[in-house]
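These notes concern the structure reproduced below.
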2 protein chains.
Amino acid sequence: MALNHAIMTALLDDRLSGYELTKAFDTSLGFFWKASHQQIYKALRDLEQQGLLESEDVPQAGKPDKVIYGLTEGGREALDAWVLGDSKATESKDDMFVKFYNLSADNAAHLREELAQRRQHDGERLALYRRIRARHYAQPESLPVRRRGIYLALLAGIRHCETRLAWAEEADALLASVIPERQSASAR
Amino acid sequence: MALNHAIMTALLDDRLSGYELTKAFDTSLGFFWKASHQQIYKALRDLEQQGLLESEDVPQAGKPDKVIYGLTEGGREALDAWVLGDSKATESKDDMFVKFYNLSADNAAHLREELAQRRQHDGERLALYRRIRARHYAQPESLPVRRRGIYLALLAGIRHCETRLAWAEEADALLASVIPERQSASAR
DNA sequence: GAGCTATATGCAAACTGTTGCATAGCATAG
DNA sequence: CTATGCTATGCAACAGTTTGCATATAGCTC
């Protein structure tokens, strides 16, 4: 299970609580691996039981107490070993492409709207990636080794968004040509 | 569940057996939605029970008998309605990017190998897409409407592969610079 | 004749992920 | 003062996917 390894990866530098990890999985590593808090809390308990993480209760004033987790020596070794194993690429599944196989004059306007939402989303994501890049990865050659790996992942994210946005323009033009002339997407 | 709708989409033009659908999901629609035969046979039975598909037993000589499925009127309507609903994009998950977050001098050579495998795979996939494009989608403007949708999906696949391949070159160069000089990926 | 591949379908268990709900204190906005 | 949202953790049910196994016939190769 890669979720476990993604969590351990997030704990390489910092000792974090489940809640903090959940937030980390909304950004950063979460760009490449999504996880809900339910998944994360469960994985943390499992990993601790396997001896790959150790935990510490941290009482807090004005907030609920929390439990922070850190990698054990065994966890670090397990993570290193995992990286050296083979990884399988989970092929991405996207409803929208299946819908494109159903394109018709009746649904072209709808698909165009969905596409516009994707463009919005990809545009925001791209802007975020670029900000992160400018702030933290402006000179990849001078980064420490591990940070260069993160830079490459970020770069893949950037390229991916750019490609999707460019494709969306072509797709939008083609969809527009399919929509019956008498009405546009927003006509009643 | 989009698998059900992907199956119905595959049955838009043809009446197919579970086995034939399984093969179809290895190519074509399967480029955007993977499914195993166990999933497909189960989905077919479910869909028939819901009245969205109807089946017919086809005895065969020299081969096991088969059951072919076709869309019912209700199935066609259900599919049309589904296309008009909202779709959620399943964020793709990829072990390899998590591994990049763990880049070190010790594992750079291994990651480079994994990357080479991906390049190989993406390259083959791209070549296949291009062949399909050249054969069946050379003039998208003159295609019937639904085929234009499929063309757009194919185009997305092409762009995606191209982007990944270009990124892989950059990544490879950076990884090479991280690998300790005294040994290459294949050194003992 | 033994083993491999292809056709054709299916069950069952295990794993992974999503959704809904629950608790509980504190802060901030209206 | 009430509603909302944040911090912080967790259970339980369901949905979806993967993996391993099972069956049966036919043709091909060694």
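So that the names make sense, note that chain A is the first sequence line, chain B the second, and so on, each numbered from 1. Values in this document were obtained by computation on a predicted structure and should not be read as measured data. Values reported hereafter were calculated over all heavy atoms of this structure, with side chains retained and with hydrogens, waters and symmetry mates removed.
If you take CD1 of B/Ile7 and P of D/dG16, they are 12 Å apart, rounded to a whole angstrom. For the pair B/Asp65 CG and C/dG10 C1', the computed distance is 15 Å after rounding to whole Å. One can place CG of A/Asn4 at 13 Å from C1' of C/dG17, the figure rounded to the nearest angstrom. The OH-P distance, from B/Tyr41 to D/dC21, rounds to 20 Å in whole Å. Atom-to-atom, NE2 of A/His37 to C1' of C/dG17 comes out at 13 Å; the value is rounded to the nearest Å. Atom CE in A/Met1 sits about 15 Å away from atom P in D/dT18, given to the nearest Å. The separation between B/Glu20 atom CD and C/dT7 atom C1' is 10 Å, rounded to whole Å. One interatomic measurement links the two molecules: NZ of B/Lys23 to P of C/dA6, which rounds to 10 Å at whole-angstrom precision.
For B/Trp33, the side-chain atoms get nearest to D/dT17 when compared with the rest of D/dT17, D/dT7, D/dT9. Minimum atom distance to the side chain of B/Gln39 is reached by D/dT17, of the listed C/dT7, D/dT17, D/dA8. Listed nucleotides: C/dT18, C/dT16, D/dT7. Nearest to the side chain of A/Ser36: C/dT18.
Taken from CG in A/Leu84 to NZ in B/Lys99, the straight-line distance is 8.0 Å, to the nearest 0.5 Å. Rounding to the nearest 0.5 Å places OH of A/Tyr69 at 10.0 Å from CG of A/Leu11.
Heavy-atom nearest nucleotides on DNA chain D were determined for A/Gln38 and for A/Lys66, and the one closer to the 5' end corresponds to A/Lys66. The 5' end of DNA chain C is approached more closely, in terms of each residue's nearest nucleotide, by B/Lys63 than by the other of B/Tyr69 and B/Lys63.
Aromatic ring orientation, A/Tyr129 versus A/Phe31: perpendicular (interplanar angle above 60°, classes split at 30° and 60°).
Between A/Tyr19 and the phosphate of D/dT7, there is a side-chain N or O to OP1/OP2 separation shorter than 4.0 Å.
For B/Tyr101 against A/Ala153, the heavy-atom pair with the smallest separation is CE1-CB, 3.8 Å.
Salt-bridge formation is not detected for the pair B/Glu141/B/Arg148: no Lys NZ or Arg NE/NH1/NH2 atom is positioned less than 4.0 Å from an Asp or Glu carboxylate oxygen.
Across all strands shown, B/Lys93 has heavy atoms under 4.0 Å from sugar-phosphate atoms exclusively, and none from any base. When heavy atoms are screened at a 4.0 angstrom cut-off, B/Thr22 is found touching no nucleic acid atom at all.
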